[in-house]
There are 2 protein chains.
Amino acid sequence: MKQESVISVLREQGHRITNVRSAVVELLETSKSPLSADEIREELKKRKLDVNKTTVYRELDFLKGRNIAQEVEFGDKKKRYEIVGKHHHHVVCVQCKRAEDVDLQQDLDVVEKKIARGKGFQITGHSLEFFGLCSNCRQ
Amino acid sequence: MKQESVISVLREQGHRITNVRSAVVELLETSKSPLSADEIREELKKRKLDVNKTTVYRELDFLKGRNIAQEVEFGDKKKRYEIVGKHHHHVVCVQCKRAEDVDLQQDLDVVEKKIARGKGFQITGHSLEFFGLCSNCRQ
DNA sequence: TTCGATGCAAAGGATTTGCAGATGC
DNA sequence: GCATCTGCAAATCCTTTGCATCGAA
């Protein structure tokens, strides 16, 4: 549904719809949490799509450039990617690196306006991550 | 003042106080925004302290391990470091990478408690960064 | 003297680039 | 057919490690 629309918008814009492209978009859209390039590659492999690392990076770059995907950082050196517009505030377990979503958009909207006014900044995005131990890893 | 105390605590704990150690601590304590390993190295060089990259990383690791410094990420592949306890919410200009502080601790305290209750997460830290264009780069 | 701190070179891991070949439309 | 996508190898960038030496206490 949602996936149809991203892909069809891309198609209308004259971009090629390759297997990799639609698979990556679908992956990101259905994933519960942001995925690293490597995780994406592994997921694709499970679906019998064996894709080179480089290709994954390039696809992510493509999606980033069209404001379809965006980067999130969880404190290791990997970047992770998620669809723009999905909630992007997370609670990350520092041990197992599992991430869950939290929705704090309302609170942040207020804060962003405050900052724009106070500092003359034109805010284009933000990242908000909480780190800690999930109920499993606490034991 | 503040610097005295960090250093003297370390001394009391039996850690050696080298030129590099006290210089890095002072740097971080007086810096207006988080610094990358390389920025630290450059600053030290300005102060006639020529230090190897590795040493800077190791010192940062040391400070991190003692909960004196912590990492912050601004969306490029570099880690940046700041003193724990200094405000660590930032407004980052995506163009010039300059960062300013914003204090949102109050708002976040509330949110963290909410999350701890709702998700069974034991929150140990967070990162909150806003990205945008500063008044200079907007032109 | 002793153990932590340091430098240097090399390794490591994630990401990027160059180029040639493959493929969607 | 042609521009874009893809794979492979090599390059890059940041960070880490191994090992020998140095230096603070």
Side-chain angles (χ1 to χ4, degrees), chain A residues 6-27 34-45 47-66 68-82 97, chain B residues 6-27 34-45 47-66 68-82 97:
Chain A
V6 168
I7 289 298
S8 50
V9 167
L10 286 177
R11 180 176 284 124
E12 279 162 29
Q13 294 176 344
H15 299 294
R16 293 189 185 165
I17 308 306
T18 62
N19 290 338
V20 176
R21 177 150 302 158
S22 49
V24 170
V25 169
E26 195 200 334
L27 249 188
L35 301 172
S36 67
D38 236 43
E39 286 167 342
I40 290 173
R41 214 160 75 98
E42 279 161 29
E43 276 305 319
L44 294 181
K45 196 172 288 173
R47 300 166 191 212
K48 310 296 174 204
L49 246 187
D50 204 334
V51 184
N52 189 278
K53 256 179 205 191
T54 308
T55 305
V56 175
Y57 281 115
R58 280 199 274 234
E59 187 55 33
L60 289 170
D61 232 49
F62 172 89
L63 296 173
K64 226 184 353 173
R66 266 145 209 89
I68 293 168
Q70 65 189 357
E71 296 173 356
V72 202
E73 315 212 26
F74 283 1
D76 43 8
K77 55 172 109 176
K78 297 191 195 90
K79 292 175 186 165
R80 281 151 223 265
Y81 298 82
E82 68 181 359
K97 290 290 176 191
Chain B
V6 168
I7 289 297
S8 50
V9 167
L10 286 176
R11 181 176 283 123
E12 279 160 30
Q13 293 176 344
H15 298 294
R16 295 187 184 166
I17 309 306
T18 61
N19 289 337
V20 176
R21 177 150 302 156
S22 49
V24 170
V25 169
E26 195 200 333
L27 248 188
L35 301 172
S36 68
D38 236 43
E39 286 166 343
I40 290 172
R41 213 160 75 96
E42 280 162 28
E43 277 303 320
L44 293 181
K45 195 172 288 173
R47 298 165 195 212
K48 308 299 174 204
L49 247 187
D50 204 334
V51 184
N52 190 279
K53 253 179 206 191
T54 308
T55 304
V56 174
Y57 281 114
R58 280 200 273 235
E59 187 56 33
L60 289 170
D61 233 47
F62 172 90
L63 296 173
K64 226 185 353 175
R66 267 145 207 86
I68 294 169
Q70 66 188 357
E71 296 173 356
V72 201
E73 314 213 26
F74 283 0
D76 44 8
K77 58 171 107 177
K78 295 192 196 94
K79 292 175 186 164
R80 280 150 224 265
Y81 297 82
E82 69 181 356
K97 290 290 176 191

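Here is how names work: the chains are called A, B, and so on, in the same order as the sequence lines, proteins then strands, and each is numbered from 1.
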Q: To the nearest angstrom, how far is A:I7 atom CD1 from C:dG24 atom P?
A: 14 Å

Q: Looking at every heavy atom in both B:E39 and B:P34, which two are closest together, and how far apart are they?
A: OE1-O, 3.9 Å

Q: What pairs with A:R80 under side-chain hydrogen bond (donor to acceptor under 3.5 Å, both in side chains), at least two apart in sequence or on another chain?
A: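 Only A:D76 meet the side-chain hydrogen bond (donor to acceptor under 3.5 Å, both in side chains) criterion with A:R80.
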
Q: Who passes side chain to side chain contact (heavy atoms under 4.5 Å, CB included) against B:T55, sequence neighbours left out?
A: B:V20, B:V51, B:N52

Q: Are A:V56 and A:V24 packed together at the side-chain level, in the sense that at least one heavy-atom pair is separated by less than 4.5 angstrom?
A: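 They are not in contact (no side-chain heavy atoms under 4.5 Å apart), so the answer is no.
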
Q: What residues, two or more places apart in sequence or in another chain, satisfy salt bridge (charged side-chain N to carboxylate O under 4.0 Å, His left out) together with A:R21?
A: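 Partners of A:R21 by the salt bridge (charged side-chain N to carboxylate O under 4.0 Å, His left out) criterion, ordered by chain and then number, come out as A:E59.
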
Q: For residues A:L44 and A:A23, report the shortest heavy-atom separation together with the two atoms involved.
A: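 Answer, listing the atom of A:L44 first, then A:A23: CD2-CB, 3.6 Å.
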
Q: Could you tell me which residues satisfy side chain to side chain contact (heavy atoms under 4.5 Å, CB included) with A:R66, sequence neighbours excluded, listed by chain and number?
A: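 By the side chain to side chain contact (heavy atoms under 4.5 Å, CB included) rule, A:R66 matches A:L10, A:H15, A:F62, A:I68.
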
Q: Send over the distance from A:K64 NZ to C:dT16 C1', rounded to a whole Å.
A: 11 Å

Q: For the pair made of CD in B:E39 and C1' in D:dC14, what is the distance, rounded to whole Å?
A: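 Taking atom C1' of D:dC14 as the reference, CD of B:E39 is at 13 Å.
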
Q: Residues in side chain to side chain contact (heavy atoms under 4.5 Å, CB included) with B:N19, at least two apart?
A: B:L49

Q: Within residues 10-20 of chain B, which residues have any heavy atom lying less than 4.0 Å from an atom of DNA chain D?
A: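 Close to the strand are B:R16, B:I17.
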
Q: Could you state the CZ-P distance from B:R41 to C:dC8, rounded to the nearest angstrom?
A: 10 Å

Q: Output the rounded distance in Å from CZ (A:R58) to C1' (C:dT15).
A: 11 Å

Q: Without decimals, in angstroms, what is the distance between B:L44 CG and C:dG7 C1'?
A: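 From B:L44 CG to C:dG7 C1': 15 Å.
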
Q: Roughly how far, to the nearest 0.5 Å, is the OG atom of A:S8 from the CD atom of A:Q13?
A: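 It is 10.0 Å, given to the nearest 0.5 Å.
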
Q: Is B:Y57 near enough to D:dT16 that one of its side-chain N or O atoms lies under 4.0 angstrom from OP1 or OP2?
A: no

Q: Using the ring pair (Phe, Tyr, Trp, His ring centres under 6.0 Å) criterion, which residues pair with A:F74? Sequence neighbours excluded.
A: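 Once residues adjacent in sequence are excluded, the partners of A:F74 under the ring pair (Phe, Tyr, Trp, His ring centres under 6.0 Å) criterion are A:H90.
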
Q: Mind checking salt bridge (charged side-chain N to carboxylate O under 4.0 Å, His left out) for B:E43 and listing every partner two or more places apart, or none if nothing turns up?
A: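 Salt bridge (charged side-chain N to carboxylate O under 4.0 Å, His left out) list for B:E43, sorted by chain: B:K46, B:R47.
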
Q: Heavy-atom distance under 4.5 Å between the side chains of A:D38 and A:R41, does that happen here?
A: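 Side chain of A:D38 against side chain of A:R41, heavy atoms only: contact under 4.5 Å found.
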
Q: Among residues 49-56 of chain B, which residues get a heavy atom nearer than 4.0 Å to DNA chain C?
A: B:D50, B:V51, B:N52, B:T54, B:T55

Q: Please report the end-to-end axis angle for the helix from C:dT1-D:dA25 to C:dC25-D:dG1, five pairs per end, rounded to 10 degrees.
A: 30°

Q: Nucleotides 11-13 of chain D: which of its N/O atoms have a protein N/O under 3.5 Å away?
A:
none

Q: B:E71: which residues meet the side-chain hydrogen bond (donor to acceptor under 3.5 Å, both in side chains) condition with it, sequence neighbours left out?
A: B:K64

Q: Rounding to a whole Å, what distance do you find between B:E59:CD and C:dT6:C1'?
A: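 In whole Å, C:dT6 C1' lies 11 Å from B:E59 CD.
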
Q: Grab the two heavy atoms, one from A:I40 and one from A:L60, that are nearest each other, plus how far apart they are.
A: CD1-CD2, 3.8 Å

Q: Does any N or O donor sit under 3.5 Å from an N or O acceptor when you compare the side chain of B:R21 with the base of C:dG4?
A: no

Q: Take the protein atom CD of A:E73 and the nucleotide atom P of D:dT15, then report the distance between them rounded to whole Å.
A: 11 Å

